[in-house]
Amino acid sequence: MPATILDGKATAAAIRGELTERVAALAAAGHRPGLGTLLVGDDPGSRWYVNAKHSDCAQVGIASIQRELPATATEADVLAVVAELNADPACTGYIVQLPLPKGIEESTVLEAMDPAKDADGLHPVNLGRLVLNVPGPLPCTPVGIVELLRRYEVPIAGAEVVVVGRGITVGRPLGLLLTRRTENATVTLCHTGTRDLAAHVRSADVVVAAAGVPGLITAEMVKRGAAVLDVGVSRVDGKIAGDVALDVLDVAGHVAPNPGGVGPMTRAMLLQNVVLAAEQAAALEVLSA
Ligand SMILES: Nc1nc(=O)c2c([nH]1)NC[C@@H]1CN(c3ccc(C(=O)N[C@@H](CCC(=O)O)C(=O)O)cc3)C=[N+]21
(Lines give C-alpha, C1' and ligand atoms only; values in the text may rest on other atoms or scores of the structure.)
Protein backbone atom coordinates (compact mmCIF):
# COMPACT_ATOMS: atom_id res chain seq x y z
CA MET A 1 0.00 0.00 0.00
CA PRO A 2 1.49 3.38 -0.94
CA ALA A 3 2.03 5.96 1.77
CA THR A 4 -0.71 8.28 3.01
CA ILE A 5 0.12 11.82 1.90
CA LEU A 6 0.42 14.38 4.70
CA ASP A 7 -1.32 17.11 2.70
CA GLY A 8 0.11 20.34 4.05
CA LYS A 9 -1.67 22.43 1.46
CA ALA A 10 -5.13 21.25 2.51
CA THR A 11 -4.27 21.30 6.21
CA ALA A 12 -2.91 24.85 5.97
CA ALA A 13 -6.11 25.93 4.19
CA ALA A 14 -8.18 24.47 7.05
CA ILE A 15 -6.02 26.30 9.61
CA ARG A 16 -6.44 29.58 7.69
CA GLY A 17 -10.19 29.04 7.94
CA GLU A 18 -9.92 28.67 11.73
CA LEU A 19 -7.68 31.74 11.97
CA THR A 20 -10.12 33.83 9.92
CA GLU A 21 -12.69 33.46 12.70
CA ARG A 22 -10.19 34.41 15.38
CA VAL A 23 -9.09 37.49 13.41
CA ALA A 24 -12.74 38.52 13.02
CA ALA A 25 -13.23 38.22 16.80
CA LEU A 26 -10.14 40.37 17.39
CA ALA A 27 -11.33 42.95 14.87
CA ALA A 28 -14.74 43.09 16.54
CA ALA A 29 -12.94 43.94 19.81
CA GLY A 30 -10.97 46.70 18.04
CA HIS A 31 -7.73 44.79 17.46
CA ARG A 32 -6.37 44.36 13.95
CA PRO A 33 -3.30 42.15 13.70
CA GLY A 34 -0.74 43.32 11.13
CA LEU A 35 2.16 41.28 9.71
CA GLY A 36 5.26 43.09 8.50
CA THR A 37 7.85 41.58 6.18
CA LEU A 38 11.28 42.86 5.26
CA LEU A 39 12.75 41.50 2.04
CA VAL A 40 16.32 42.47 1.21
CA GLY A 41 17.51 41.87 -2.36
CA ASP A 42 15.73 40.29 -5.29
CA ASP A 43 16.08 36.52 -4.93
CA PRO A 44 13.02 35.19 -6.82
CA GLY A 45 12.45 32.35 -4.32
CA SER A 46 12.44 34.72 -1.35
CA ARG A 47 10.15 37.10 -3.22
CA TRP A 48 7.72 34.25 -3.90
CA TYR A 49 7.62 33.26 -0.20
CA VAL A 50 7.07 36.84 0.95
CA ASN A 51 4.29 37.44 -1.60
CA ALA A 52 2.65 34.16 -0.55
CA LYS A 53 2.71 35.28 3.10
CA HIS A 54 0.93 38.52 2.20
CA SER A 55 -1.75 36.79 0.16
CA ASP A 56 -2.31 34.42 3.12
CA CYS A 57 -2.74 37.50 5.34
CA ALA A 58 -5.29 39.02 2.97
CA GLN A 59 -7.26 35.79 3.05
CA VAL A 60 -7.57 35.68 6.87
CA GLY A 61 -7.95 39.45 7.41
CA ILE A 62 -4.50 40.27 8.78
CA ALA A 63 -3.16 43.66 7.59
CA SER A 64 0.09 43.63 5.58
CA ILE A 65 3.09 45.90 5.91
CA GLN A 66 5.53 45.13 3.11
CA ARG A 67 9.04 46.61 3.27
CA GLU A 68 11.81 46.07 0.72
CA LEU A 69 15.44 47.04 0.40
CA PRO A 70 17.76 46.55 -2.59
CA ALA A 71 20.53 43.90 -2.56
CA THR A 72 23.00 46.77 -2.09
CA ALA A 73 21.48 47.76 1.28
CA THR A 74 23.86 48.02 4.24
CA GLU A 75 23.36 46.49 7.67
CA ALA A 76 22.53 50.00 8.93
CA ASP A 77 19.75 50.28 6.29
CA VAL A 78 18.29 46.97 7.46
CA LEU A 79 18.53 47.95 11.14
CA ALA A 80 16.72 51.24 10.35
CA VAL A 81 13.73 49.34 8.91
CA VAL A 82 13.79 46.95 11.88
CA ALA A 83 13.62 49.96 14.23
CA GLU A 84 10.65 51.35 12.25
CA LEU A 85 8.76 48.08 12.43
CA ASN A 86 9.51 47.79 16.16
CA ALA A 87 7.96 51.25 16.64
CA ASP A 88 4.96 50.87 14.28
CA PRO A 89 1.80 50.09 16.32
CA ALA A 90 0.03 48.78 13.17
CA CYS A 91 2.72 46.10 12.91
CA THR A 92 1.90 43.53 15.62
CA GLY A 93 4.41 41.00 14.30
CA TYR A 94 7.00 40.81 11.55
CA ILE A 95 9.66 38.72 9.89
CA VAL A 96 12.96 39.50 8.21
CA GLN A 97 13.13 37.12 5.26
CA LEU A 98 16.28 34.96 5.38
CA PRO A 99 18.86 34.55 4.00
CA LEU A 100 20.13 38.13 4.00
CA PRO A 101 22.67 39.29 1.37
CA LYS A 102 26.36 38.69 2.14
CA GLY A 103 27.86 41.29 4.46
CA ILE A 104 24.73 41.64 6.61
CA GLU A 105 25.02 39.69 9.85
CA GLU A 106 21.78 37.74 10.42
CA SER A 107 22.29 37.43 14.18
CA THR A 108 22.75 41.22 14.51
CA VAL A 109 19.49 41.82 12.65
CA LEU A 110 17.55 39.17 14.57
CA GLU A 111 18.78 40.55 17.92
CA ALA A 112 17.59 44.05 16.95
CA MET A 113 14.00 42.87 16.57
CA ASP A 114 11.48 43.40 19.36
CA PRO A 115 11.07 39.83 20.71
CA ALA A 116 7.36 40.57 21.31
CA LYS A 117 6.95 41.16 17.54
CA ASP A 118 9.04 38.17 16.43
CA ALA A 119 6.53 36.25 14.28
CA ASP A 120 9.19 33.71 13.23
CA GLY A 121 10.22 32.75 16.77
CA LEU A 122 13.87 33.18 15.76
CA HIS A 123 14.89 36.01 18.13
CA PRO A 124 17.53 34.74 20.61
CA VAL A 125 15.21 35.57 23.52
CA ASN A 126 12.46 33.42 22.01
CA LEU A 127 14.84 30.58 21.10
CA GLY A 128 16.04 30.83 24.72
CA ARG A 129 12.43 30.57 25.93
CA LEU A 130 12.07 27.41 23.83
CA VAL A 131 15.17 25.94 25.53
CA LEU A 132 13.83 26.98 28.97
CA ASN A 133 10.32 25.77 28.10
CA VAL A 134 8.59 29.06 28.91
CA PRO A 135 5.83 30.50 26.65
CA GLY A 136 6.78 32.57 23.62
CA PRO A 137 6.43 32.55 19.83
CA LEU A 138 7.72 29.25 18.39
CA PRO A 139 9.61 28.74 15.12
CA CYS A 140 7.09 28.28 12.29
CA THR A 141 8.51 25.27 10.44
CA PRO A 142 9.01 23.08 13.55
CA VAL A 143 5.50 23.87 14.86
CA GLY A 144 4.10 23.28 11.37
CA ILE A 145 5.69 19.81 11.36
CA VAL A 146 4.23 18.93 14.78
CA GLU A 147 0.80 20.28 13.80
CA LEU A 148 0.79 18.29 10.54
CA LEU A 149 1.67 15.05 12.39
CA ARG A 150 -1.03 15.76 15.01
CA ARG A 151 -3.77 16.39 12.49
CA TYR A 152 -2.99 13.07 10.76
CA GLU A 153 -2.76 11.31 14.15
CA VAL A 154 0.81 10.15 13.58
CA PRO A 155 2.04 9.25 17.10
CA ILE A 156 4.71 11.59 18.46
CA ALA A 157 4.89 10.69 22.17
CA GLY A 158 7.42 7.90 22.62
CA ALA A 159 8.30 7.88 18.91
CA GLU A 160 11.87 7.68 17.65
CA VAL A 161 12.31 10.78 15.49
CA VAL A 162 15.37 11.26 13.33
CA VAL A 163 15.89 14.85 12.18
CA VAL A 164 18.43 15.29 9.38
CA GLY A 165 19.70 18.87 9.39
CA ARG A 166 20.76 21.19 12.21
CA GLY A 167 19.86 24.61 10.81
CA ILE A 168 18.39 27.36 12.98
CA THR A 169 15.01 27.51 11.21
CA VAL A 170 14.24 23.75 11.21
CA GLY A 171 16.48 21.03 12.66
CA ARG A 172 17.81 22.51 15.87
CA PRO A 173 14.57 24.10 17.16
CA LEU A 174 12.57 21.02 16.04
CA GLY A 175 14.71 18.85 18.31
CA LEU A 176 13.93 21.20 21.21
CA LEU A 177 10.19 21.24 20.44
CA LEU A 178 9.79 17.46 20.06
CA THR A 179 11.60 16.68 23.31
CA ARG A 180 9.33 18.86 25.47
CA ARG A 181 7.16 16.88 27.91
CA THR A 182 4.09 17.80 25.88
CA GLU A 183 5.48 16.18 22.71
CA ASN A 184 7.64 13.57 24.44
CA ALA A 185 9.45 12.20 21.39
CA THR A 186 12.97 10.76 21.45
CA VAL A 187 15.02 12.76 18.96
CA THR A 188 18.28 12.04 17.17
CA LEU A 189 19.63 15.13 15.46
CA CYS A 190 21.68 14.04 12.45
CA HIS A 191 23.43 16.04 9.73
CA THR A 192 25.50 15.59 6.60
CA GLY A 193 28.53 14.73 8.77
CA THR A 194 26.73 11.91 10.63
CA ARG A 195 28.51 8.53 10.43
CA ASP A 196 26.15 5.87 9.00
CA LEU A 197 23.18 8.16 8.47
CA ALA A 198 21.29 5.21 6.91
CA ALA A 199 21.43 3.22 10.16
CA HIS A 200 20.00 6.16 12.11
CA VAL A 201 17.22 6.79 9.59
CA ARG A 202 16.34 3.08 9.47
CA SER A 203 15.61 3.09 13.21
CA ALA A 204 13.15 6.02 13.01
CA ASP A 205 9.36 6.02 13.30
CA VAL A 206 9.40 9.60 12.00
CA VAL A 207 12.06 11.05 9.67
CA VAL A 208 12.32 14.79 9.08
CA ALA A 209 14.65 15.54 6.18
CA ALA A 210 15.88 19.13 6.30
CA ALA A 211 19.45 18.93 5.03
CA GLY A 212 18.97 20.56 1.63
CA VAL A 213 20.56 17.63 -0.23
CA PRO A 214 18.33 16.46 -3.12
CA GLY A 215 17.36 12.77 -2.88
CA LEU A 216 19.36 12.19 0.34
CA ILE A 217 16.72 9.88 1.88
CA THR A 218 16.05 6.77 -0.22
CA ALA A 219 13.63 3.83 0.22
CA GLU A 220 16.27 1.38 1.48
CA MET A 221 17.03 3.76 4.39
CA VAL A 222 13.42 3.93 5.61
CA LYS A 223 11.67 1.53 8.03
CA ARG A 224 8.42 0.15 6.59
CA GLY A 225 5.48 2.27 7.79
CA ALA A 226 7.58 5.22 9.00
CA ALA A 227 6.40 8.81 8.51
CA VAL A 228 8.80 10.78 6.28
CA LEU A 229 8.58 14.56 6.03
CA ASP A 230 10.47 16.29 3.23
CA VAL A 231 11.54 19.78 4.30
CA GLY A 232 14.67 20.16 2.16
CA VAL A 233 14.51 22.95 -0.38
CA SER A 234 16.97 22.86 -3.27
CA ARG A 235 16.46 24.05 -6.79
CA VAL A 236 17.41 21.73 -9.64
CA ASP A 237 16.81 23.18 -13.15
CA GLY A 238 14.60 25.85 -11.60
CA LYS A 239 12.30 23.29 -9.98
CA ILE A 240 12.04 22.52 -6.24
CA ALA A 241 13.91 19.35 -5.31
CA GLY A 242 13.35 17.87 -1.85
CA ASP A 243 15.63 15.69 0.27
CA VAL A 244 13.41 12.61 -0.13
CA ALA A 245 13.60 10.28 -3.14
CA LEU A 246 10.35 9.25 -4.84
CA ASP A 247 10.73 5.53 -4.06
CA VAL A 248 10.21 6.30 -0.34
CA LEU A 249 6.46 6.43 -1.11
CA ASP A 250 6.53 2.62 -1.53
CA VAL A 251 7.81 1.85 2.00
CA ALA A 252 6.70 4.78 4.18
CA GLY A 253 3.37 4.86 6.02
CA HIS A 254 3.04 8.64 5.66
CA VAL A 255 4.88 11.11 3.44
CA ALA A 256 4.84 14.91 3.55
CA PRO A 257 5.90 15.78 -0.02
CA ASN A 258 7.80 18.85 -1.09
CA PRO A 259 6.19 20.96 -2.41
CA GLY A 260 2.73 20.52 -0.85
CA GLY A 261 3.76 19.36 2.65
CA VAL A 262 5.54 21.34 5.32
CA GLY A 263 6.01 24.59 3.30
CA PRO A 264 2.35 25.65 3.41
CA MET A 265 2.22 24.64 7.10
CA THR A 266 5.14 26.99 7.82
CA ARG A 267 3.13 29.86 6.38
CA ALA A 268 0.01 28.90 8.35
CA MET A 269 2.02 28.82 11.61
CA LEU A 270 3.39 32.29 10.85
CA LEU A 271 -0.20 33.56 10.68
CA GLN A 272 -0.97 31.65 13.88
CA ASN A 273 1.94 33.34 15.68
CA VAL A 274 0.62 36.75 14.61
CA VAL A 275 -2.91 35.93 15.77
CA LEU A 276 -1.72 34.45 19.09
CA ALA A 277 0.39 37.54 19.84
CA ALA A 278 -2.58 39.82 19.05
CA GLU A 279 -4.89 37.73 21.26
CA GLN A 280 -2.41 37.93 24.14
CA ALA A 281 -2.00 41.69 23.70
CA ALA A 282 -5.81 42.10 23.70
CA ALA A 283 -6.15 39.98 26.85
CA LEU A 284 -3.49 42.06 28.64
CA GLU A 285 -5.36 45.22 27.68
CA VAL A 286 -8.57 43.87 29.23
CA LEU A 287 -6.68 42.96 32.42
CA SER A 288 -5.10 46.40 32.78
CA ALA A 289 -8.29 48.34 31.87
N1 LIG B 1 12.65 34.69 8.22
C2 LIG B 1 12.36 33.59 7.53
N3 LIG B 1 11.33 32.81 7.93
C4 LIG B 1 11.00 31.68 7.23
O5 LIG B 1 10.08 30.95 7.62
C6 LIG B 1 11.75 31.37 6.06
C7 LIG B 1 12.79 32.23 5.67
N8 LIG B 1 13.07 33.31 6.43
N9 LIG B 1 13.52 31.95 4.58
C10 LIG B 1 13.25 30.85 3.72
C11 LIG B 1 12.55 29.71 4.43
C12 LIG B 1 11.77 28.80 3.50
N13 LIG B 1 10.38 28.94 3.88
C14 LIG B 1 9.29 28.42 3.17
C15 LIG B 1 8.02 28.90 3.34
C16 LIG B 1 6.96 28.45 2.57
C17 LIG B 1 7.16 27.49 1.60
C18 LIG B 1 6.01 27.07 0.78
O19 LIG B 1 4.90 27.53 0.97
N20 LIG B 1 6.19 26.20 -0.21
C21 LIG B 1 5.11 25.72 -1.05
C22 LIG B 1 5.26 26.12 -2.48
C23 LIG B 1 6.65 26.06 -3.02
C24 LIG B 1 6.78 26.55 -4.48
O25 LIG B 1 5.99 26.08 -5.32
O26 LIG B 1 7.69 27.37 -4.73
C27 LIG B 1 5.03 24.22 -0.91
O28 LIG B 1 5.93 23.62 -0.32
O29 LIG B 1 4.05 23.64 -1.36
C30 LIG B 1 8.42 26.97 1.44
C31 LIG B 1 9.48 27.43 2.22
C32 LIG B 1 10.28 29.84 4.89
N33 LIG B 1 11.48 30.26 5.27
State plainly whether one hydrophobic cluster holds both Val231 and Trp48, where clusters connect Ile, Leu, Val, Met, Phe, Trp and Tyr through side-chain heavy atoms under 4.5 angstrom apart.
no

Closest contact, heavy atoms only, Ala12 versus Ala268:
CB-CB, 4.0 Å

For a side-chain contact (heavy atoms from CB on, under 4.5 Å) check, start with the C-alpha distance between Leu216 and Val164, then their side-chain angles and the critical distance, and finish with the verdict.
CA-CA 10 Å; Leu216 178 67; Val164 188; 3.8 Å; yes

Look at the side chain of Lys9 and the backbone N and O of Gly261, then say whether any donor-acceptor pair between them is shorter than 3.5 Å.
no

Do Leu85 and Lys117 come within less than 4.5 Å of each other through their side chains, counting heavy atoms only?
no

How far apart are the closest heavy atoms of Leu229 and Leu6, and which atoms are they?
CG-CD1, 4.1 Å

Report the distance from atom OG1 of Thr182 to atom CG of Asn184, rounding to the nearest 0.5 Å.
8.0 Å

Quick check: do Glu279 and His31 have side-chain heavy atoms less than 4.5 Å from each other?
no

Scan Leu26, Leu19, Val23 and name whichever one has a side chain to side chain contact (heavy atoms under 4.5 Å, CB included) with Ile62.
Val23

Cationic N near anionic O, under 4.0 Å, Arg16 to Glu21
no

Closest non-hydrogen atoms of Pro139 and Leu127, given as atom of the first, atom of the second and distance, are CG-CD2, 4.1 Å

Straight-line distance of Asp7 CG to His254 NE2, nearest 0.5 Å
12.5 Å

Specify the closest pair of heavy atoms between Thr20 and Gln59, including all atoms of both residues, with the distance to one decimal.
OG1-O, 4.0 Å

Any side-chain to backbone donor/acceptor pair from Asp114 onto Ala116? Under 3.5 Å, distance only.
yes

From SG (Cys190) to CG (Leu197), nearest 0.5 Å
5.5 Å

Would you indicate whether Arg267, at its atom CZ, is surrounded by more than 12 heavy atoms from other residues, nucleotides or ligands within a distance under 6.0 Å?
yes

Note, Pro135 side chain near Arg129 side chain (heavy atom, < 4.5 Å)
no

Given Leu177 and Val146, is the side-chain contact (heavy atoms from CB on, under 4.5 Å) satisfied, shown in steps?
CA-CA 9 Å; Leu177 196 67; Val146 170; 3.7 Å; yes

Rounded to the nearest 0.5 Å, how far does CG of Leu110 lie from CG of Leu98?
6.0 Å

If the threshold is 4.0 Å, N to carboxylate O, is there a salt bridge linking Glu220 and Arg202?
no

Arg67 vs Leu39, test: side-chain contact (heavy atoms from CB on, under 4.5 Å). Steps then yes/no.
CA-CA 6 Å; Arg67 302 297 314 264; Leu39 173 64; over 6 Å; no

Pairing donors with acceptors under 3.5 angstrom, does anything connect the side chains of Tyr94 and Asn86?
yes

Note: Met265 and Leu148 closest approach over all heavy atoms is CE-N, 3.8 Å

Are Val201 and Leu178 connected, step by step, through hydrophobic side chains (Ile, Leu, Val, Met, Phe, Trp, Tyr) whose heavy atoms are closer than 4.5 Å?
no

Can a donor-acceptor pair be found, under 3.5 Å and without considering hydrogens, that links the side chain of Asp243 to the backbone of Ala211?
yes

Report the C-alpha distance between Ile5 and Tyr152 in whole Å, list the side-chain angles of each, state the deciding distance to 0.1 Å, and finish with yes or no for side-chain contact (heavy atoms from CB on, under 4.5 Å).
CA-CA 9 Å; Ile5 299 299; Tyr152 279 87; over 6 Å; no

Any donor-acceptor pair under 3.5 Å from Glu75 side chain to Glu105 backbone
yes

Short side-chain to backbone donor-acceptor contact, Thr37 and Gln66, under 3.5 Å
no

Is there a path of hydrophobic side-chain contacts, each under 4.5 Å between heavy atoms of I/L/V/M/F/W/Y residues, joining Val187 to Val162?
no

Consider only side-chain N and O atoms of Thr188 and His200, and report whether a donor and an acceptor are under 3.5 Å apart.
no

Indicate yes or no for a side-chain donor-acceptor contact from Asn126 to the backbone of His123 under 3.5 Å, with no hydrogens or angles considered.
no

Without swapping roles, check the side chain of Arg32 against the backbone of Gly61 for a donor-acceptor pair under 3.5 Å.
yes

Side-chain (Asn258) to main-chain (Gly242) donor-acceptor, under 3.5 angstrom:
no

State, yes or no, whether a side-chain contact exists between Asp42 and Arg47 at a heavy-atom distance under 4.5 Å.
yes

Kindly indicate whether the side chain of Leu149, heavy atoms from C-beta on, has any atom under 4.5 Å from the side chain of Ile145.
yes

Would you please say whether a donor-acceptor pair under 3.5 Å links the side chains of Thr266 and Thr141?
yes

Is there a continuous path of hydrophobic side-chain contacts, each under 4.5 Å between heavy atoms, that joins Val109 to Leu122?
yes

From CD1 (Ile65) to CG (Leu38), nearest 0.5 Å
12.0 Å

Strictly distance-based, threshold 3.5 Å: is any side-chain N or O of Asn273 a donor or acceptor partner for the main-chain N or O of Asp120?
no

Would you say Val213 and Ile240 are hydrophobically clustered, going by side-chain heavy atoms of ILVMFWY under 4.5 Å?
no

Answer yes or no: is there an ion pair linking Lys223 with Asp205, defined by an N-O contact shorter than 4.0 Å?
yes

What's the spacing between His191 NE2 and Arg172 CZ if we round to 0.5 Å?
8.5 Å

Strictly below 4.0 Å, N to O, side chains only: are Glu18 and Arg151 in salt-bridge contact?
yes

Looking at every heavy atom in both Gly165 and Leu189, which two are closest together, and how far apart are they?
O-CD1, 3.4 Å

